[in-house]
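First the structure, in the form of structure tokens, and then the observations on it.
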Amino acid sequence: MRPSPSRLLNILVPVKRAVDYAVKIRVNPQQTGIDTNVKHSMNPFDEIAVEEAVRLREKLKASVTSIKAITIGPPKALDTLRTALAMGADSAIHVEVPETQPAPEPLAIARTLKAVIEKQNAAATKPEDKIDLVILGKQAIDDDLGVTGQMLAGLLGWSQATFASKVDIDVAKNEALVTREIDGGGEEIKCRLPLVVTTDLRLNEPRYASLPNIMKAKKKPVEKLSPADLGVDYTPQLETLKVSEPPVRVGGGKVANVDELLAKLKEAGFP
Amino acid sequence: MLAARLWARQRALPRRVGFSTAALPHTSLNPVTEQDVAHFSKFLAPNSIISTLSPNPCAPDELETYNNDWIGRFHGQSTTVLKPKTTQEVSEILKWCNDHRIAVVPQGGNTGLVGGSVPVNNELILSLANMNKVRSFDPISGILVADAGCILQSLTDYVAPHNHIMPVDLGAKGSCQIGGNVATNAGGLRLLRYGSLHGTVLGLEVVLPDGRILDQLTTLRKDNTGYDLKQLFIGAEGTLGVITGVSILTPPAPQASNNVILALPTFDNVLPLYQTVKRQLSEILSAFEFIDRTAYDLAVKHGQGRALSEEDTKGAECFVLVETSGGRREHDEEKLNDLLELLLSADKPLINTGVLSQSPAQFISLWALREGVTEAVSKEGKAYKYDISVPLSSFKEVVDNTREHLRSKGLLHDKAVKYVLGYGHVGDGNLHLNIVADAYLPEIENALEPYIYEVVAAHRGSISAEHGIGAMKTHALPYSKSAISIELMKKIKQVFDPRGIMNPGKVLE
Ligand SMILES: Cc1cc2nc3c(=O)[nH]c(=O)nc-3n(C[C@H](O)[C@H](O)[C@H](O)COP(=O)(O)OP(=O)(O)OC[C@H]3O[C@@H](n4cnc5c(N)ncnc54)[C@H](O)[C@@H]3O)c2cc1C
């Protein structure tokens with residue numbers, strides 16, 4: 001007889017609405033930021049995080065009791081939550097930030113996530129209602145800061161497995177085996193739950209949202225919260241001085257023969 | 001005299017272009033000689049001439065990409081490729097060729113699918129690749145004037161920051177040139193929305209076979225001053241002159257685009273689905289493309305776009321890609337959602353399920369499944385491509401009957417025909433019927449032709465909806481064009497090209 005799982009998994013998946021990666025970024029004329037009046041979609045690493053949560057459920061079946069998506073962002077970030085719900089999350093939380101306010105920084109995000117987790121875990125009457133796994137992108141492609149997951153693990157005092165390319169969870173043993181992407185290969189680590197996992201590109205290929213699931217997603221619950229509800233301060237600690245475009249690439253030239261090439265190299269200061 | 005010479009030339013041309021083009025000489029046309037190359041080098045830059053002839057012979061393999069067509073079915077034996085940089089240079093080349101009766105094949109991106117862009121024998125190849133500058137763009141009217149050799153994708157990129165798009169889009173956009181598009185009157189994926197090039201091309205600059213430059217490069221939307229000569233060059237496949245400049249109307253870029261792939265349990269649902277989609281989406285519908293199961297599976301097999309999940313494709317006989325483009329995202333999404341809800345909640349649903357792109361990246365990926373079929377087919381084997389117009393309701397019947405016909409001839413197996421598949425532009429009544437074989441075999445060809453052309457003729461359809469006639473279908477022209485039409489076409493050819501130097505063996509036999 002198989003041992004019955006000692007506990008059940010509740011997964012929290014933070015997702016961010018970001019400028020889509022297929023969009024060409026344009027810096028505004030004041031050089032204070034970028035033109036955000038362009039197509040947005042879910043940060044690709046977060047899409048991978050949602051996919052991984054859904055796959056874990058497909059694999060572990062009933063051991064995964066809940067998958068909850070959460071976003072901290074402007075009203076339009078609700079679209080991003082709907083996508084997560086259409087991909088297979090059960091419910092969602094939207095911590096709404098006014099459109100005009102600057103995007104909250106990673107530490108503020110990590111504090112918000114911590115507050116949400118602690119709130120839910122404190123309210124949990126049974127241990128199996130507690131959130132014990134957070135899966136999130138290793139970075140967002142808009143600001144590329146890449147620290148939220150680590151900060152969250154630090155604040156919570158949880159294990160962390162960053163840049164994951166493979167995640168196996170043994171619910172009964174309360175353990176996860178994670179392969180991390182490191183320079184030149186992979187590193188396998190074993191960690192105890194509760195755990196924060198940040199996703200790398202190779203972890204999986206996210207699914208399309210199917211029509212029936214998109215329709216179902218419309219009926220799934222989305223809880224709305226404000227930063228004040230969670231007692232988190234979003235006052236920025238960083239100041240953006242200037243945003244500029246990368247220098248325009250100057251096209252190459254053609255040379256007729258090797259001699260000309262050598263001459264050009266000399267001209268350019270090569271010995 | 002003239003008639004006799006034409007007759008002689010026609011006789012000399014291969015009547016039937018097969019797997020490799022037969023090397024029959026044009027009796028009245030001359031091959032390129034060293035003297036000719038010497039003459040060209042007087043006014044062309046050295047890097048505009050690639051020739052195996054003296055004084056600077058290149059390695060024969062340098063000419064390979066120019067002599068062989070995209071599907072690998074047609075092979076020319078040209079010795080010389082010229083890549084002029086200006087209209088004036090094109091004019092001087094043609095004048096010389098006309099005077100010396102040297103046949104010329106205009107070549108764009110060489111992505112044509114009917115063997116029109118490569119020589120039948122040893123004609124001179126005139127590549128437009130070096131004429132690749134945008135001449136002007138008016139962001140208010142959206143009128144773009146460009147050299148014929150501009151690559152379609154680069155023009156798309158050029159107008160994008162001005163919030164415009166090219167009215168034509170097709171799978172070959174990374175290689176094909178606007179001049180080639182015009183010369184083939186390419187249809188493509190946006191025809192449903194923006195109409196054909198006969199409407200969007202406002203003017204052309206054409207070098208006539210005798211070297212004269214016909215400047216019709218107007219940017220007028222209205223110009224009713226007699227015969228509209230430029231129309232003759234649109235779809236002439238380089239048989240009347242060389243297009244060197246194109247003036248084209250680019251529509252404003254839609255502010256919002258969405259797409260969805262729908263999985264259908266049976267082909268019979270495609271038509272009612274088309275009706276429903278048209279009614280519900282009306283002005284925002286911009287594409288309605290059909291892919292049968294075989295085509296879909298091949299696209300997935302050859303890595304064209306991310307596949308749908310097994311659950312979503314289970315029991316699907318075919319797929320439809322619907323694209324919307326409009327001015328306001330919320331409005332379009334509401335319409336699209338209403339449609340999808342209607343489709344899913346119907347008592348007798350027309351669709352099994354479907355997927356809706358959630359991001360521009362997924363949008364591209366869904367399109368790749370449709371656009372990638374052409375490429376997947378060519379990776380899978382040797383393709384016989386029939387691009388036909390037949391009534392929508394007969395799409396599946398035509399594909400299935402062709403498969404059965406091949407089976408009855410004992411040709412449906414690993415070493416002969418591997419797949420028979422259909423995909424295409426439902427909105428335009430255009431079916432791409434593809435037969436994928438292990439190798440080009442005369443038995444297969446004999447089984448397919450005239451069988452398919454007869455089927456098309458029985459439906460009063462077109463034997464070439466958008467790819468043209470090229471070298472591949474000259475013999476089949478009578479299935480779609482009456483004797484009177486063909487006679488008039490020949491007269492027009494004679495008026496423009498009395499010596500028959502322009503792309504001989506193409507379009508007309
Ligand atoms: C992957 C793929 C997808 C395609 N999809 C479509 C599609 O959806 N719809 C469609 O209609 N077609 C399609 N095609 C075929 C289509 O005809 C060509 O891709 C394109 O229009 C040809 O452009 P090109 O520059 O490559 O011309 P080429 O192949 O070089 O030439 C085609 C013909 O035009 C002539 N020509 C070229 N340039 C000039 C010029 N400047 N002046 C005079 N004559 C010239 C040539 O002599 C030849 O007869 C597809 C092809 C591929 C490979």
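Chain letters run A, B, ... following the sequence lines, proteins first and then strands; every chain starts at 1.
Taking 4.5 Å as the limit, every side-chain heavy atom of B:Gln177 sits out of range of all side-chain heavy atoms of B:Asp147.
Ion pairing of B:Glu371 with B:Lys173 is present here, as a side-chain N (NZ or NE/NH1/NH2) and a carboxylate O approach within less than 4.0 Å. One finds no salt bridge joining A:Lys39 and A:Asp20 here, because no Lys/Arg side-chain nitrogen approaches an Asp/Glu carboxylate oxygen to under 4.0 Å. A salt bridge is absent between B:Lys85 and B:Glu89: the closest approach of a Lys/Arg side-chain nitrogen to an acidic carboxylate oxygen does not fall below 4.0 angstrom.
Note on ring orientation: taking the six-membered ring where Trp is involved, the planes of B:His162 and B:Phe137 are tilted (angle from 30° to 60°).
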Margin query: Could you walk me through whether B:Arg190 and B:Asp169 satisfy the salt bridge (charged side-chain N to carboxylate O under 4.0 Å, His left out) test, starting with their C-alpha distance in whole Å, then the side-chain angles of each, then the deciding distance to 0.1 Å, before giving a yes or no?
Written below: CA-CA 6 Å; B:Arg190 289 186 183 149; B:Asp169 183 24; 3.6 Å; yes
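Using a 4.5 Å cut-off between heavy atoms, B:Ser357 does not touch chain A at all. Interface residue B:Leu344: only side-chain heavy atoms are found under 4.5 Å from chain A. Residue A:Lys24: no heavy atom, backbone or side chain, is found under 4.5 Å from chain B. For B:Ser309, no part sits under 4.5 Å from any heavy atom of chain A, backbone or side chain. With a 4.5 Å cut-off on non-hydrogen atoms, B:Asn47 does not touch chain A at all. Neither the backbone nor the side chain of A:Asn213 comes within contact range of chain B; no heavy atoms are under 4.5 Å apart. Proximity to chain A is absent for every atom of B:Leu343, based on heavy atoms less than 4.5 angstrom apart.
For residues 259-280 of chain B, the interface with chain A (any heavy-atom pair closer than 4.5 Å) comprises B:Val260, B:Leu262, sorted by residue number.
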Show every donor-acceptor pair shorter than 3.5 Å between a side-chain atom in residues 85-95 of chain A and any protein atom, with sequence neighbours excluded, or say none if there are none.
residue	atom	partner	partner atom	Å
A:Asp90	OD1	A:Arg57	NH1	2.9
A:Asp90	OD1	A:Arg57	NH2	3.4
A:Asp90	OD2	A:Arg57	NH2	2.9
A:Asp90	OD2	A:Ile67	N	2.7
A:His94	NE2	A:Gly73	O	3.0
A:His94	NE2	A:Pro74	O	3.3

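For B:Lys133, there are no salt bridge (Lys or Arg N to Asp or Glu O under 4.0 Å) partners, not counting sequence neighbours.
Residue pairs meeting the salt bridge (Lys or Arg N to Asp or Glu O under 4.0 Å) criterion with at least one partner in residues 299-312 of chain B, sequence neighbours excluded, are A:Glu205-B:Arg306, B:Lys301-B:Glu380.
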